[in-house]
Amino acid sequence: MEKRDYFDEVYEVVRLVPKGRVTTYGTIARYLSLRAGARMVGWAMNGSHSQTDVPAHRVVNSVGVLTGKHFFGGPTIMQQLLEDEGIQVNNDRVVNFKTLFWDPALELGL
DNA sequence: AGAGTGACTGGCT
DNA sequence: GAGCCAGCCACTC
């Protein structure tokens, strides 16, 4: 398998997400200029289980919904991880998502 | 090679 | 905010 190419880049960006902040698949896709699109970012996260330092729980969709929670081995794992970082989650949706949103191209001073 | 699927997004209702 | 639809690319069978 060894898809590594853009997978690794996605992991790297996700790792840069500060604790208590979140970002979206589409944002990562655009930041890395992935033609593949946001869907592939999610697919890339599918391999994040091999990476221990990849906070995939900080990656949500465009409206702040924890779409990938089921892939954490449980429907509440992702939410608990976020709440543990001080992020409030209500009905699978990140509270103040717009405020907690972290844009790499913006925060990294690009 | 063709069809189905998915951790998405934007636009419209 | 929530639902439906179309576009998007990579992966699997």
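Order of the sequence lines fixes the chain letters, A, B, ..., with proteins taken first and strands second; residue numbering starts at 1 for each chain.
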Q. When all nucleic acid strands are considered with a 4.0 Å heavy-atom cut-off, which category describes Ala56(A): base, sugar-phosphate, or nothing?
A.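 Base, at least one base heavy atom under 4.0 Å.
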
**Q.** Complementary nucleotide for dA2(C) - Watson-Crick or wobble, under 3.5 Å
**A.**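 Pairing partner, where one exists within any strand: dT13(B).
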
Q) Across all strands, who's sitting opposite dA10(C) as a Watson-Crick or G-U wobble pair, both distances under 3.5 Å? A) dT5(B)

Does the [X] side chain pair with the main chain of [Y], one donor and one acceptor, at a distance under 3.5 Å?
X	Y	value
Thr23(A)	Trp102(A)	yes
Tyr6(A)	Ala29(A)	no
Thr24(A)	Thr27(A)	yes
Tyr31(A)	Gly26(A)	no
Asn61(A)	Val65(A)	yes
Arg21(A)	Phe101(A)	yes

Atom-pair distance ([atom1] on [X]; [atom2] on [N]), nearest Å:
X	N	atom1	atom2	answer
Phe7(A)	dA7(B)	CZ	C1'	12 Å
Leu34(A)	dC11(C)	CG	C1'	16 Å
Met40(A)	dC8(C)	CE	P	14 Å
Asn46(A)	dC8(B)	CG	P	11 Å

Q.
Does dC8(B) have its OP1 or OP2 closer than 4.0 Å to a side-chain nitrogen or oxygen of Thr67(A)?
A. yes

Q) Under 4.0 Å: is that the gap between some side-chain N or O of Ser62(A) and OP1 or OP2 of dC8(B)? A) no

Q) After noting the C-alpha distance and the side-chain angles of Val59(A) and Val17(A), does the key distance pass the side chain to side chain contact (heavy atoms under 4.5 Å, CB included) rule? A) CA-CA 9 Å; Val59(A) 185; Val17(A) 179; 5.6 Å; no

**Q.** Shared hydrophobic cluster for Met45(A) and Met78(A) (ILVMFWY, side-chain gaps under 4.5 Å)
**A.** no

Q. Would a hydrophobic clustering, with Ile, Leu, Val, Met, Phe, Trp and Tyr connected at side-chain separations under 4.5 Å, put Ile77(A) with Ile87(A)?
A. yes

Q: Measure from the side chain of Arg39(A), starting at C-beta and using heavy atoms only, and say which of dA10(C), dC8(C), dA7(B) lies closest.
A: dC8(C)

Q. To the side chain of Asn61(A), which of dA7(B), dC8(B), dA10(C) is closest?
A. dC8(B)

**Q.** Strand contacts (DNA chain B) in residues 18-30 of chain A, 4.0 angstrom heavy-atom criterion
**A.** Thr24(A), Tyr25(A), Gly26(A)

Q: Check each residue of residues 69-103 of chain A for a non-hydrogen atom within less than 4.0 Å of any atom in DNA chain B, then write out the ones that pass by number, or none.
A: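 The stretch gives Phe71(A), Phe72(A) as the residues lying under 4.0 Å from the strand, ordered by number.
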
